[in-house]
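Since the model is a prediction, treat every value here as computed from it, not as a measurement. Letters go in sequence order (proteins before strands), and every chain restarts at 1.
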Amino acid sequence: MPELPEVETVRRQLEPLIRGRRISGFELAPGAERLLRGASAAELRDQLRDRRFERVDRRGKYLGLQLDDGRCCVVHLRMTGALHFRRSDHPEERFTRAVFQLADDHQLRFVDIRKFGTIDVVDQMADALPKLGPEPLSDEFDVAALWDALRGRTIALKAALLDQRSVAGIGNIYADEALFLARLHPEVPAGALRARERIALHAAIQTVLEEGVAHGGASFRDYTDTAGKAGEQQYYVRVFRRTEQPCDECNTPIRRTIVGGRATHWCPRCQHPRQKTRNLPHQSRPRSP
DNA sequence: CGTTACCTGAAA
DNA sequence: TTTCAGGTAACG
């Protein structure tokens, strides 16, 4: 479920909530062992007990909960994971898979219907991360960095955007949205972009991710923030899950196809391969739920 | 490189 | 009943 904007929303909310709080216990729900990538719940409990949270970092879709002994609890929410911060007496959510008990009668709960999420405690956050591309909202992400990731690749552009080694944090929603904003067909070979197309795509990626963060992430299905609340970005999307609805720009029905194994939503007119006129779309407006 | 598996529930 | 789901890792 969560992509960069959703994970960043959680990071921003979580940091002030847990900073300085002492961990008094850690419990894993029965059947949730696979969240722990090797370690046992008992080992994690030993590593976490009496530590305090100092800071919450994010790299791509990974969260790093920094501990006061210099170690790091790295969490990935995958498809349906959420981190809820609750008072201990708040009724436990269905599908709660792990609970960080905090000393002041609060809990950080890892709630995850499908159990795809992961929790890892390591010396350094980087130790738990695979090879990741640049952070798209940082200074290191310029047009050259984007082109470095795409140059020479023959796979569909959309598939390249979903590859976390290209740019970290883009997922299915924001890939479709960025391609629409940049007026690019999802199946053009990634390495075939012309200079102006790279510039447009770079800008579009930053625009859609910033917009997602500004709206607290997108809740199409399961995503909830640290208070269990939905985001608003789903009301602002231009193509994602708008199959057969008219394109904001040209009224052509949005098409849904499969690219890189994932549902892909695009405007066959605005995103025609090698489109000549490329007027940038105007500011999006909220639509009714 | 594309496809499948992982898991569970909601929607069709 | 079947299909689909915002992500990745492990296949072939």
Colleague: Under 4.0 Å, counting only non-hydrogen atoms across every strand here, what does A:Tyr174 touch: a base, just sugar-phosphate, or nothing?
Modeller: nothing

Colleague: Choose from B:dC7, B:dG2, C:dA5 the nucleotide whose nearest atom is closest to any side-chain atom of A:Ile155.
Modeller: B:dG2

Colleague: Taking CG from A:Leu35 and P from C:dG7, how many angstroms apart are they, rounded to a whole number?
Modeller: 18 Å

Colleague: Assign A:Gly171 to base, sugar-phosphate, or nothing according to its heavy-atom contacts below 4.0 angstrom with the strands shown.
Modeller: sugar-phosphate

Colleague: Taking the six-membered ring for Trp, are A:His76 and A:Phe116 closer than 6.0 Å centroid to centroid?
Modeller: no

Colleague: What integer distance in Å separates A:Leu77:CG from B:dT8:C1'?
Modeller: 17 Å

Colleague: Does A:His76 place a side-chain N or O at less than 4.0 Å from the phosphate oxygens OP1/OP2 of C:dG7?
Modeller: no

Colleague: B:dC1, C:dA9, C:dC4: which one has an atom nearest the side-chain heavy atoms of A:Pro130?
Modeller: C:dA9

Colleague: Consider the side chain of A:Thr154, meaning its heavy atoms from C-beta on, and name the nucleotide among C:dG7, B:dC1, C:dA5 that approaches it most closely.
Modeller: B:dC1

Colleague: How close or far is atom P of C:dT8 from atom NZ of A:Lys61, stated in whole angstroms?
Modeller: 4 Å

Colleague: Kindly check if the number of other-residue, nucleotide or ligand heavy atoms within 6.0 Å of CZ (A:Arg165) is above 12?
Modeller: no

Colleague: Please confirm whether the shortest side-chain N or O distance from A:Gln164 to OP1 or OP2 of C:dG7 is below 4.0 Å.
Modeller: no

Colleague: Using a cut-off of 4.0 Å on non-hydrogen atoms, how would the nucleic acid contact of A:Arg165 be classed: base, sugar-phosphate, or nothing?
Modeller: nothing

Colleague: Would you call A:Phe116 stacked on C:dG7, i.e. ring centres under 5.5 Å apart with the planes less than 30° off parallel?
Modeller: yes

Colleague: Specify the separation, in whole Å, of atom CG of A:Leu63 and atom C1' of C:dT8.
Modeller: 16 Å

Colleague: Write down the partner of C:dT8 under the Watson-Crick or G-U wobble criteria, each distance required to be under 3.5 Å.
Modeller: B:dA5

Colleague: Below 30° counts as parallel, above 60° as perpendicular, anything between as tilted: where do the rings of A:Phe100 and A:Phe26 land?
Modeller: perpendicular

Colleague: Can you identify which nucleotide, out of B:dG9, B:dC7, C:dT8, has its nearest atom closest to the A:Arg262 side chain?
Modeller: C:dT8

Colleague: May I have the distance from A:Met79 (atom CE) to C:dA5 (atom C1'), rounded to whole angstrom?
Modeller: 5 Å

Colleague: Tell me: CZ of A:Arg34 to P of C:dG7, nearest whole Å?
Modeller: 16 Å

Colleague: State whether A:Arg59 and A:Glu135 are salt-bridged, where the test is any N-O pair (Lys NZ or Arg NE/NH1/NH2 against Asp/Glu carboxylate O) under 4.0 Å.
Modeller: yes

Colleague: How many angstroms lie between CG in A:Asp104 and CD in A:Gln107, if you round to the nearest 0.5 Å?
Modeller: 10.5 Å

Colleague: So for atom CD, which belongs to A:Glu92, do other residues, nucleotides or ligands contribute more than 12 heavy atoms lying within a distance under 6.0 Å?
Modeller: yes

Colleague: Starting at CD of A:Glu3 and ending at C1' of C:dA5, how long is that distance when rounded to a whole Å?
Modeller: 12 Å

Colleague: P atom, C:dC11 versus B:dC7: distance in rounded Å?
Modeller: 14 Å

Colleague: With a non-hydrogen cut-off below 4.0 angstrom, is A:Ala263 in contact with a base, only sugar-phosphate, or nothing?
Modeller: sugar-phosphate

Colleague: Is there a side-chain contact between A:Arg78 and the phosphate of B:dC7, meaning an N or O under 4.0 Å from OP1 or OP2?
Modeller: no

Colleague: Does A:Arg256 reach a base, just sugar-phosphate, or nothing at all? Heavy atoms under 4.0 Å.
Modeller: sugar-phosphate

Colleague: Would you mind reading off the distance between A:Arg37 atom CZ and C:dA9 atom P, rounded to a whole angstrom?
Modeller: 7 Å

Colleague: Ignoring the backbone of A:Ile113, work out which of C:dG7, C:dA9, B:dT8 is nearest its side chain.
Modeller: B:dT8

